Amino acid sequence: MDRELQDKKLQLVRKLYDPGEGVSPEDLTPEETREEKLMGEAKFVLDRRERLAPDVAVIDAIVARAAEAAPKPHARIIPIWSLQRLQSWRPAVAAAFAIVVVGAAYLGYTRSGAEPGAPSAEAELRAPLEEGNVPAFADEDDAVGLGAEREAVSPRSDLATNTRRETVAAIDPSAEPAASRDQLASSGRLQPELIEAAFADSIPAWEDPADIRLLQKRIEMLRQSGDDLDWGAPAVPLESLPTTATRPGIRAASSGNNNNR
Amino acid sequence: MDVTDEELVSRYLERSDEVAFRNLVERHQERVFGYLMGMVRDRSTANDLFQETYFRVIRALSNDRGSYTRQGKWINWVMRIARNAALDHLRSRKKWSDVSNGQEEGDSFWDRLPDAELSSDDLIHLAEQREWLGECIDQLPAEQREVLLLRHESELTFREIAEMTDCSINTALGRMRYALLNLRRMMQASDRSNLAGYDLGGAT
């Protein structure tokens with residue numbers, strides 16, 4: 001009972017400072033009501049008490065001391081937990097950095113080798129061979145010679161990828177635009193018959209520059225005009241060749257001069 | 001909206017913003033100084049203790065922020081330091097163990113307040129009222145006086161007072177109850193009860 005009475009009196013104090021709490025007036029005895037009134041009067045006087053502040057000089061001295069002792073921005077203390085967190089993230093950060101570096105290197109490699117989405121150099125080299133789109137050659141020797149070239153640029157070659165890339169770049173039409181048929185005709189440098197013949201025949205689809213067409217056609221025409229020549233025969237002295245002179249054979253230079261006179 | 005205490009503390013610690021620290025001091029100066037005044041009853045001593053309190057605060061903040069955490073209330077932390085400073089002062093003068101009536105110091109601290117502003121009757125009345133009320137509070141037992149000052153001057157809650165003085169909330173409430181009843185009794189017994197600004201005669 002005493003405990004309950006004591007708690008009730010404490011509730012009066014609580015109610016005095018926080019009207020929302022404490023006991024309701026109906027639950028109070030006359031003695032408790034009187035005590036509540038006495039405490040309320042004392043509190044009333046205390047609440048009206050004037051507030052006091054320190055001297056301004058004291059405030060200034062405190063602020064001056066605070067300015068002297070203020071932590072410097074560059075000397076900020078890094079909480080220890082943040083250092084530990086950084087250390088725990090170190091492997092993940094290193095792995096992410098490695099992935100980024102490898103990815104960047106791969107992208108740089110592919111962009112320098114070929115445009116994204118375009119057929120690879122290897123595919124371009126293999127395509128004409130597999131599709132049988134081989135140019136017609138006059139004889140087997142030329143075919144063998146070109147086959148040797150193909151072997152040199154073949155993907156099966158042991159040459160490094162850089163070599164293949166250089167080869168592809170060399171035959172890449174886009175690298176150096178070829179002259180069109182009309183341009184060649186208007187230039188007047190070549191005979192019209194040669195230009196017509198160059199563009200009339202079928203040529204390798206994998207390589208279509210006009211210069212190569214002209215070169216190929218010129219080789220064929222030269223070969224046709226020299227069919228009587230035997231490239232495998234031994235060398236013949238110039239003097240032994242038939243001439244229009246009446247006396248064949250070797251003559252002294254001085255006599256030849258006199259005769260000409 | 002006013003900047004919070006914790007934000008001002010952050011500005012001072014992270015940007016060396018002394019203006020923020022001044023705001024912190026001025027914002028709570030009456031709560032801290034009023035408590036110190038009630039404890040030592042001397043304005044000059046209260047000024048010294050006020051300065052000592054904030055010097056300790058600055059030292060604690062610069063020393064890896066000391067015991068202050070931003071999750072806690074700034075004023076509670078400062079008031080704890082102010083209380084320690086006041087108790088250190090009172091212990092050094094051996095005045096904390098007994099309940100002093102303040103008479104050995106001569107006149108009350110209210111008498112030492114600068115009276116340059118007492119130019120009107122109202123201000124004179126307020127000064128007399130302060131003197132009278134201070135004398136009454138000074139006669140309270142130390143524990144009751146401290147709870148009263150922490151509640152009325154520092155505006156701490158009873159829970160905060162209990163934590164600061166290391167007692168239960170019921171103990172803090174009980175000390176407050178006795179402080180109010182004793183103060184009311186002393187007011188009525190005084191020959192200057194008219195300074196209360198309240199009719200105290202009919203209550204008894």
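Any value given below was found using the heavy atoms of this structure, including those in side chains, with hydrogens, waters and symmetry copies removed. Lettering of chains follows the sequences in order, A, B, ..., and the numbering in each one begins at 1. Since we're looking at a predicted model, the values are computed, not measured.
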Sort B:Leu24 into side chain, backbone, both or neither according to what part of it lies under 4.5 angstrom from a heavy atom of chain A. neither
Interface moiety of B:Arg151 toward chain A, non-hydrogen atoms closer than 4.5 Å: side chain
Which region of B:Phe50, side chain (C-beta onward) or backbone (N, CA, C, O), has a non-hydrogen atom less than 4.5 Å from a non-hydrogen atom of chain A, or is it both or neither? both
Check whether B:Leu49 gets within reach of chain A through its side chain, its backbone, both or neither, counting any heavy atom under 4.5 Å. neither
Quick check: do B:Leu180 and A:Leu38 have side-chain heavy atoms less than 4.5 Å from each other? no
Would you mind reporting whether B:Tyr178 and A:Val13 have side-chain heavy atoms less than 4.5 Å apart? no
Verdict with supporting geometry, B:Leu181 and A:Met39, side-chain contact (heavy atoms from CB on, under 4.5 Å): CA-CA 6 Å; B:Leu181 293 175; A:Met39 289 191 296; 3.6 Å; yes
So for B:Glu52, is it side chain, backbone, both, or neither that comes closer than 4.5 Å to the heavy atoms of chain A? neither
With rounding to the nearest 0.5 angstrom, report the CG to OG1 distance, A:Asp18 to B:Thr157. 10.5 Å
State, yes or no, whether a side-chain contact exists between A:Arg49 and B:His152 at a heavy-atom distance under 4.5 Å. no
So which heavy atom on B:Phe21 is nearest to which on A:Ala66, and how close? CD2-CB, 3.4 Å
Table please: side-chain donor-acceptor pairs of residues 32-39 of chain B below 3.5 Å, with sequence neighbours left out.
residue: B:Tyr35; atom: OH; partner: B:Glu146; partner atom: OE2; Å: 3.1

Which residues from residues 53-62 of chain A are near chain B, with near meaning under 4.5 Å between non-hydrogen atoms? A:Ala53, A:Pro54, A:Asp55, A:Val58, A:Ile59, A:Asp60, A:Ala61, A:Ile62
Sort out for me which of B:Glu18, B:Gln51, B:Arg185, B:Arg22 touches chain A most, counting heavy-atom pairs under 4.5 Å. B:Arg22
Look up atom CZ in A:Phe44 and atom CZ in B:Arg184, then write down how far apart they are to the nearest 0.5 Å. 12.5 Å
Over all heavy atoms of both residues, which pair between B:Glu153 and A:Arg51 is shortest? Give the atoms and the distance, please. O-NH2, 2.7 Å
Atom CG in B:Leu183, atom CD in A:Glu41: separation rounded to 0.5 Å? 11.5 Å
